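Data block below; observations after.
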Amino acid sequence: MPLVDELAAAGVGPGRLLGVAIADEVGLAAGGQRWNASVDDLAGVDAALHPRWTWWGRSTAVVGLRLSACWDVAAVHRLLVGGVADEPALVWATTFGLALDGLPADGQLDFVNAGTADGDEDDPVRPDGYVRPDWVGDGWHRDVDRPARWAEVAVRCAERQRAQLDALDAGGDPVLTAWSESAAELLCAELEVEGLPIDVDVADELITAIAGPRPRDEADATRLRAERDRRVTQWARDVDLRNPGEVRELLARIGVDVPDTRSWRLEPLRDSHPLVAALLDWRKAERVATTYGHSWLAAHVRDGRLRGRWSGSDGAAGRMTAQAGLHNLPAELRPAVVAEPGHAFVRADLGQIEPRVLAVVSGDAELARAGAADDLYAPVAQRLGVERSVAKVAVLAAMYGQTSGTAGEALRGLHRGYPVAMRYLDDAYERGRAGRDVRTHGGRLVRMPALGTGLDESGVRAAQGGRGRYARNALVQGAAAEFFKMWAVTVRARLAPLDARIVLCLHDELLVHVATADADEAAALLRSCLDETAQRWQRERTAVRFVADISTIQRWSQAKA
DNA sequence: TCGGTCACGTA
DNA sequence: CGTACGTGACCGAG
């Protein structure tokens, strides 16, 4: 019987979990049965049955086939319990409630469990319930039958996770979040392969203009570095510009007294002395020279693509992160991000995403009404009876916890005008302060760190305040990240028929590299996917609009600010 | 060699 | 005393 029929007979169908693990052999598992298959089989199975492909994580995932629905056990684990640890043995033990201090480690004799650890070595789960340590890593593909067995336990884990998600008390839909977080991992894997198109010649010119030419050798590098330094050290010999302490003393000598030498602090004093201006310009050049210079280009750009590692949900709030400078490329270098011949970029960035998200997750009907406007701050300003700019600062201050500055009066207005949203933020702050974990709208657990030891009373207060701001911010930023990823993976799925790829995700911005002929269609898709995501994510409880600025451009720098 | 601090890039 | 992240230089402890 053909594979598709066998799978269908075993109950595999749309949305049903189908375990898969890819090594030299491709193992499949569903409904208590296991199969070996080839990579070529998978696209056909996907098209015919639309299963939810279930894998342990990216190392067992299928990259390149653009499968759409998946369940990433590692990603869902991080959603359920927070943090970044997601190794299969730990995930399994956590999911099934096994003691983590009994977690067996590979390569060490386990005398305590020696009697119970035997059993069938071709079963990835030991009699005592733990995953065999010699199966993790690459142990699961040492034998032709193992990938299917490895896929089978991934499905068992996923089913248990599903039940836990169903039981979660979160404002949103944790299962929906699990689906999109899983797809986001797949997107990350594809982003790592795809890379961001870079015109290396343009990049080279920009870097040279800012930081100087590419050093020929070590000695040349030293000479060029000294040359850069001289623009500042002409004012004061023998000062180590890379030593903030020395720089601060130097500034004091010319009458500039600052607590630290950060550029935002020095910028207002730029014209007070030529040295300050020279120092600020030097810092700018030095940043490019050291972090985004010729060595960065050589290390991370190959074949006209900037590639780095991508993480689907990192840190506290579960934002995506990227390495190799993909997320912090200085604006001056963005002209080097150029679409390839016959292609264009479609760029889309969400507008006012965090206050809109707050309106949904807090369930504040009044803020949701404001969120129905193209410009959310306009109705807020009207309600508060203040200038738009004041309203904006107040809303941002409320979300981020700023207490200094001039937001005070408007902040009180916010409490009166939007009590539900403000209470949501205050509750998060209080929970964090007290050290209680919080869960985002989509169900991600954000664990509060323990207070440091040896703190005095004011130290404790400061640490608690920090934790409160952390929790409050995590709920807004985290929900925004969940919304963004749902949008991104929807776009990913809908773009599949086109000659188009997402090449960058930047918290509220998507960059799609697309054949020129498909650019208009891609732009329309970004818009319709946003509407679709807005519907699905907030269901019908509120009517917040989610807006995006979408443009078709040749280079990233052409995007309007 | 390592973690902490400073600094600065992005959102 | 607004948050998150990645990166690199430097410092001081080990």
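In what follows, every chain begins at residue 1, and chains take the letters A, B, ... in the order their sequences are listed. In this text, all values refer to a predicted model and were calculated from it rather than measured experimentally.
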Does [X] reach the main-chain N or O of [Y] with its side chain, forming a donor-acceptor pair under 3.5 Å?
X	Y	value
Thr208(A)	Pro213(A)	no
His327(A)	His507(A)	no
Arg216(A)	Asp220(A)	no

Below 4.0 angstrom, N of the basic side chain to O of the carboxylate: do [X] and [Y] qualify?
X	Y	result
Asp86(A)	Arg78(A)	yes
Arg307(A)	Glu194(A)	no
Asp281(A)	Arg228(A)	no

Residues from [range] lying under 4.0 Å of DNA chain B - heavy atoms:
range	result
residues 191-212 of chain A	none
residues 281-299 of chain A	Arg283(A), Lys284(A), Arg287(A)
residues 261-272 of chain A	Thr261(A), Arg262(A), Ser263(A)

Describe the nucleic acid contact of [X] in one word from base, sugar-phosphate, nothing, applying a heavy-atom distance below 4.0 Å.
X	value
Arg309(A)	nothing
Arg242(A)	sugar-phosphate
Leu326(A)	nothing
Ala316(A)	sugar-phosphate
Ala481(A)	nothing

Qualifying salt bridge (Lys or Arg N to Asp or Glu O under 4.0 Å) pairs with a residue from residues 416-431 of chain A, counting only residues at least two apart or across chains:
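Applying salt bridge (Lys or Arg N to Asp or Glu O under 4.0 Å) to every pair that reaches into residues 416-431 of chain A, excluding sequence neighbours, yields Glu430(A)-Arg433(A).
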
dG2(C) and dG4(B), which share atom name C1', separated by this distance in whole Å:
23 Å

Using a 4.0 Å cut-off on heavy atoms, which residues in residues 473-480 of chain A reach DNA chain C? List them by number, or say none.
Asn473(A), Gln477(A)

For the pair made of [atom1] in [X] and [atom2] in [N], what is the distance, rounded to whole Å?
X	N	atom1	atom2	value
Glu482(A)	dA4(C)	CD	C1'	15 Å
Met320(A)	dG6(C)	CE	P	13 Å
Asp240(A)	dA7(B)	CG	P	13 Å
Asn328(A)	dC8(B)	CG	C1'	9 Å
His507(A)	dA4(C)	NE2	C1'	7 Å
Leu504(A)	dT10(B)	CG	P	13 Å

Apply side chain to side chain contact (heavy atoms under 4.5 Å, CB included) to the pair Val395(A) and Leu414(A), showing each step before the final yes or no.
CA-CA 8 Å; Val395(A) 170; Leu414(A) 277 181; 4.1 Å; yes

Which word best sums up how the rings of His300(A) and Trp296(A) line up, parallel for under 30°, tilted for 30 to 60°, or perpendicular for over 60°?
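Geometry flag for Trp296(A) against His300(A): tilted rings.
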
Hey, what's the ring geometry for Trp537(A) with Phe483(A), parallel, tilted or perpendicular (30° and 60° as the breaks)?
perpendicular

Using OP1 and OP2 only, check whether a side-chain N or O of Asn243(A) sits under 4.0 Å from dC11(C).
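True: Asn243(A) side-chain N/O within range (under 4.0 Å) of dC11(C) OP1/OP2.
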
Identify which nucleotide among [options] has an atom closest to any side-chain atom of [X], counting heavy atoms from C-beta outward.
X	options	value
Tyr400(A)	dT3(C), dG2(C), dA11(B)	dG2(C)
Arg225(A)	dA11(B), dA4(C), dC10(C)	dC10(C)
Asp260(A)	dC1(C), dT10(B), dA7(B)	dA7(B)

Result block: side-chain N/O donor-acceptor pairs under 3.5 angstrom for residues 248-259 of chain A, not counting sequence neighbours:
from: Arg248(A); atom 1: NE; to: Val258(A); atom 2: O; distance (Å): 2.5

Shortest non-hydrogen contact from Ile210(A) toward Glu332(A):
CD1-CB, 3.9 Å

Closest non-hydrogen atom pair, Leu451(A) against Ala463(A)
CD2-CB, 3.6 Å

Evaluate whether atom CD of Glu457(A) has more than 12 neighbouring non-hydrogen atoms of other residues, nucleotides or ligands under 6.0 angstrom away.
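It does not: Glu457(A) CD has 12 such atoms or fewer within range.
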
Salt bridge (Lys or Arg N to Asp or Glu O under 4.0 Å) with Glu340(A): which of Arg555(A), Arg501(A), Arg305(A)?
Arg305(A)

